[in-house]
Each structure stands twice: as structure tokens, then as C-alpha cells.
There are 2 protein chains.
Amino acid sequence: MQKANPEKYTRQRQAAIRAAAAVFAEKGFHGACTKDIAERMGIKQGSLYYYFDSKEEALGEVCLFGIRDYVEHMDGIASSGQSFEAKLTATVTSHLSSYRERNEALKVYNDERLYLPEARRRRLKKLGSRYRQQLENIFDDAKKSGTVRDTIDSRFAAQAVIGMCNAWGDLIVRDPDLDLFKVIQNCTDLLINGFTDTKNTESQRN
Amino acid sequence: MQKANPEKYTRQRQAAIRAAAAVFAEKGFHGACTKDIAERMGIKQGSLYYYFDSKEEALGEVCLFGIRDYVEHMDGIASSGQSFEAKLTATVTSHLSSYRERNEALKVYNDERLYLPEARRRRLKKLGSRYRQQLENIFDDAKKSGTVRDTIDSRFAAQAVIGMCNAWGDLIVRDPDLDLFKVIQNCTDLLINGFTDTKNTESQRN
DNA sequence: CTATTTTTCTATAGTTCTATAGAATATCTC
DNA sequence: GAGATATTCTATAGAACTATAGAAAAATAG
């Protein structure tokens with residue numbers, strides 16, 4: 001029962017995480033059973049426990065897989081010294097692209113992470129907070145430099161970006177023909193200028 | 001096993017729906033068991049089946065309870081003949097107020113409705129679509145009258161409003177001290193003017 | 001107070017699911 | 001190809017949960 005590290009193990013474990021992501025996304029953590037996951041991998045239910053100690057461990061790995069990349073991506077954006085608009089666009093791009101690439105894991109992170117055992121949930125929460133904090137910082141900076149209005153509350157603004165990305169991420173997932181680039185553009189435009197503003201419309205277009 | 005209609009029955013059934021809402025919100029549909037719901041009502045597990053034929057029926061009632069009011073509210077807003085800004089504010093107010101009043105049922109609707117049996121899910125979906133359609137119409141009208149920019153896609157805009165309300169609804173639920181009125185104001189202001197616009201800031205304030 | 005109806009209880013059949021143990025097969029190393 | 005290691009399989013113990021049946025208790029009506 002010991003695990004060495006021939007690459008097959010890590011490859012199969014990754015496959016297990018993806019299978020779990022798909023199944024959890026469809027049926028929810030409690031609605032899914034380990035048999036579903038195993039079947040999707042082409043192995044038997046019991047064999048799954050070669051890769052995970054428990055169903056909850058699988059959930060933890062899926063959640064981590066869902067956000068690790070885009071949290072790390074945010075580190076780069078926050079420290080990039082770009083303009084506010086550029087940072088916002090980069091954030092939205094990164095977030096929405098994740099929905100194309102790993103929408104299942106992301107959905108699981110959003111909907112099921114609260115079923116994780118305490119310890120693991122705390123670790124994940126740290127990642128989420130880092131992301132949110134960096135996003136808030138971007139707004140604080142932009143307010144200082146006058147790019148963003150004083151009346152905007154950074155905490156709400158960050159939440160607005162995240163909420164918008166999640167909502168439009170849903171659209172992307174449901175409609176795979178949707179042009180990602182166009183969605184990103186619409187999203188940032190809307191966030192920056194709102195529904196009614198007209199001053200930048202021309203330069204924003206195209 | 002027949003049910004007449006002494007008011008006690010309807011009263012208790014409503015209590016059962018609220019209990020189910022709380023439990024489903026906390027543990028998810030599959031994670032919750034009928035015992036949890038019954039206990040919260042102060043009755044035994046088996047007795048719950050006097051009010052529901054199945055766990056799924058309970059879920060259906062909770063979901064309906066979660067959105068019926070604010071969908072109906074939207075009917076009034078859509079046909080009110082108010083200005084775009086007023087309609088948007090009313091929409092946001094209605095949606096966010098729901099989070100204060102029945103956040104549990106709303107959360108259940110958002111997260112668990114897909115576990116409903118087909119027939120019931122379709123009926124609920126109709127309600128959701130009506131809401132969304134009316135919101136889109138508000139944007140179409142506002143675009144025609146020039147209040148909202150041409151470049152805004154009504155479908156995305158509607159999704160943006162819903163997404164924003166859901167995201168900020170989370171904040172409201174997590175932080176009960178938050179001033180609802182202030183949140184509503186911030187939300188509509190942000191949607192209408194965006195992060196950077198300054199032209200209306202003064203009139204928007206207060 | 002008695003008869004009737006409504007509500008709740010107890011007990012359980014039948015199902016499903018997680019996690020483990022130990023055997024069997026596949027893969028690797030020399 | 002023999003021996004060691006890694007991976008998968010079968011089978012199942014043990015726990016939990018839904019839904020039902022029928023008895024008991026509570027409420028209501030005449």
C-alpha cells in the first residue's frame with residue numbers, strides 16, 4: 001500500500017481529480033458517489049481509494065485544482081505595475097478563461113467547498129482571501145490615483161468583479177459557441193463605464 | 001391520510017418549508033437528511049411525510065418559496081412605466097431585500113434546484129425565464145430611448161444585474177450589520193456609472 | 001363525553017454508499 | 001524470466017437514509 005512515484009501514479013491521480021470534478025459538478029458532492037467517479041475513469045469503485053484516502057480528500061483536490069492557477073495568476077497581475085484598466089482586463093480574462101478550461105472544477109469550488117473538513121477549508125480560504133485582497137488593493141490604488149471614483153467601496157467593487165465573472169462564466173459554460181474575447185471585452189467595458197456612460201464608447205468599441 | 005384544511009395544517013406545512021430551507025441551505029439537498037428537517041420543526045423524522053410525499057417535493061416547495069415573491073415583484077416593475085434608473089433600482093432593491101428576508105430559500109434555489117425532478121424544474125425555470133426576459137426588455141427599451149449605450153448586450157446586461165445581486169447578496173447574508181440601503185445604492189450606482197465615470201457622481205451621492 | 005378526524009409516533013424493510021481487506025493482475029528491474 | 005513493486009479487482013462489513021405501515025395521541029365536533 002505504499003506509493004512510490006512512477007509517473008503513472010501522478011498521471012492517474014490527475015485523471016481521478018478531473019473525473020471527480022466532472023461528477024461533483026454534475027451531481028454535487030453528496031449527490032455523487034465514488035462509483036460514478038471510478039466508472040468515469042474506467043476503474044472499479046474500490047480502486048479509487050488507491051488514489052484518495054476519502055471522498056473528502058478528492059473534493060479538496062478538485063477545489064484546489066479549480067482555483068490554484070487563477071489565484072497564482074492574480075499574484076502576477078497585482079505586482080505588474082500596469083494601468084488600472086489593464087489590470088482589470090487581465091483579471092477578467094484570467095477568471096473567465098478558467099471557466100473555459102476547468103469550468104467543472106471551478107463550479108465545484110464555488111458550490112461545494114463548504115463541505116470540506118475544517119482544516120482543508122481553511123487552507124483554501126487563505127487562497128481565496130489572497131485573491132480578493134489583491135483585487136481590493138488594485139481598487140485602492142486606482143482610487144488614490146483618481147482613476148476610480150471615491151464613492152466606490154473597494155470591498156464591494158472586488159465582490160462585483162468576482163460576481164460578474166461568475167455570472168458570465170455561467171453563460172460561457174452553457175453556450176460554448178460564445179466568443180470568449182467578446183465576453184471579456186463586454187465585461188470590462190461594463191465594469192469600467194457602466195450601462196449609461198458614453199464618454200469612452202468609441203475608443204472602447206472594436 | 002386525507003388532508004382537510006384546518007389552518008393548522010397549512011401553518012405547519014409552511015414551518016416545514018422554512019425548516020427545510022434552513023437545512024438544505026446549510027448542508028445541501030443530498031447532504032441533508034429528513035431527520036434534520038424534522039428535528040428543526042420539533043417532530044420526528046417519519047412525521048415529516050405527513051406534509052411531503054418525498055424529500056424532493058420539499059425541495060421544490062423551498063425553491064418556489066425562495067423566488068416566487070421577487071419574480072412577481074418584477075412583473076410590477078416591468079409594467080410600471082418608470083424611468084430606466086428607477087426600474088433598475090427597484091429590481092436591485094427587490095432582489096437584495098429577498099436576501100435579507102429569505103436568504104436560505106434563495107440560496108437553495110440558486111444551488112440545489114437542478115436536483116429537482118424534471119417536471120418541477122421546468123415549472124421553476126419558467127418563472128426564472130420570465131424574470132430574466134423582463135429584465136432584458138428593460139434594457140432593450142432603455143437602449144431604444146438612448147439611456148443605455150448601444151454596445152451593451154441586453155442578455156449580458158441582465159446577467160450582470162443578476163450576478164451582481166447574487167454576489168452582493170452573499171455579502172449581505174454574511175454581514176448582517178451591513179446597511180441594506182447603502183448596498184442597494186452602491187450596486188445601482190456601479191451598474192449605471194461604472195467604476196470610473198464621474199459625470200453623475202454628485203447627483204448620485206446622497 | 002363520545003365519535004370522528006387530524007396529527008404525530010414507533011418500528012422497520014429495503015436501498016445505497018463508504019471504506020477496507022486480501023487476492024489477482026500488470027508493470028518494472030535486473 | 002524471476003523477483004519485486006505497483007495497480008486494480010472482488011467482496012463485504014458497517015453505517016446511514018428514505019419512505020411506509022400501523023398504533024397512539026391530540027384536536028375537533030355533535
Side-chain angles (χ1 to χ4, degrees), chain A residues 1-63 108 112 115-117 119-120, chain B residues 1-63 108 112 115-117 119-120:
Chain A
M1 278 293 162
Q2 329 166 31
K3 294 158 191 169
N5 201 342
E7 67 272 13
K8 183 177 180 190
Y9 177 76
T10 30
R11 192 164 14 92
Q12 275 288 73
R13 192 165 197 270
Q14 194 58 30
I17 293 173
R18 286 181 181 275
V23 174
F24 288 155
E26 189 191 334
K27 305 193 173 183
F29 175 64
H30 290 110
C33 61
T34 51
K35 189 165 177 253
D36 296 332
I37 301 172
E39 257 168 19
R40 177 172 270 260
M41 288 179 68
I43 63 177
K44 300 286 172 171
Q45 185 264 340
S47 308
L48 198 64
Y49 285 77
Y50 185 64
Y51 297 102
F52 302 114
D53 287 342
S54 69
K55 197 182 166 190
E56 280 170 347
E57 187 190 335
L59 176 61
E61 293 300 313
V62 170
C63 289
V108 173
E112 316 289 336
Y115 304 130
L116 285 170
R120 203 174 259 269
Chain B
M1 280 294 161
Q2 329 167 33
K3 292 158 195 172
N5 202 342
E7 67 271 14
K8 183 175 181 193
Y9 177 76
T10 29
R11 193 163 15 94
Q12 275 287 74
R13 190 164 197 272
Q14 194 59 29
I17 293 172
R18 285 181 183 274
V23 174
F24 288 155
E26 189 191 333
K27 305 193 174 185
F29 176 65
H30 290 110
C33 61
T34 52
K35 190 166 175 251
D36 296 331
I37 301 172
E39 257 167 20
R40 178 172 269 262
M41 289 177 67
I43 63 177
K44 301 285 173 174
Q45 185 263 339
S47 308
L48 199 63
Y49 285 78
Y50 184 64
Y51 297 102
F52 302 115
D53 288 342
S54 68
K55 197 180 165 191
E56 280 169 348
E57 186 190 336
L59 177 61
E61 294 299 313
V62 171
C63 289
V108 173
E112 315 289 335
Y115 304 130
L116 285 171
R120 204 174 256 269

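Below, all heavy atoms of this structure are taken into account, side chains as well, without hydrogens, waters or symmetry copies.
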Please name the pair of heavy atoms, one in F24(A) and one in A58(A), separated by the smallest distance, quoted to 0.1 Å.
CE1-C, 4.2 Å
Integer-rounded Å distance: dT7(C) C1' and L48(B) CG
13 Å
Between dA23(C) (P) and Y49(A) (OH): distance, integer Å
22 Å
Can you tabulate the close N/O pairs, meaning under 3.5 Å, that link protein atoms to atoms of nucleotides 24-26 of chain C?
none

Under 4.0 Å from OP1 or OP2 of [N]: is there any side-chain N or O of [X] that close?
X      : N      : answer
Y51(A) : dT8(D) : yes
Q12(B) : dT6(C) : no
Y50(B) : dT7(C) : yes

By a strict heavy-atom criterion of less than 4.0 Å, which residues belonging to residues 54-61 of chain B are in contact with DNA chain D?
S54(B), K55(B)
Relative to the ring of Y115(B), is the ring of F29(B) parallel (under 30°), tilted (30 to 60°) or perpendicular (over 60°)?
parallel
Of residues 13-47 of chain A, the positions that come close to DNA chain C - non-hydrogen atoms, cut-off under 4.0 Å
A32(A), C33(A), T34(A), Q45(A), G46(A)
Report, one line per pair, each donor and acceptor closer than 3.5 Å where one atom sits in a side chain of residues 31-42 of chain B; sequence neighbours left out.
unit_1, atom_1, unit_2, atom_2, d
T34(B), OG1, Q45(B), NE2, 3.0
D36(B), OD2, K27(B), NZ, 3.4
D36(B), OD2, C33(B), N, 3.2

Going by atom type alone, with no hydrogens or angles, which donor-acceptor pairs under 3.5 Å involve a side-chain atom of residues 11-19 of chain B and a protein atom two or more places apart or on another chain?
unit_1, atom_1, unit_2, atom_2, d
R13(B), NE, Y51(B), O, 3.2
R13(B), NH2, E57(B), OE2, 2.7

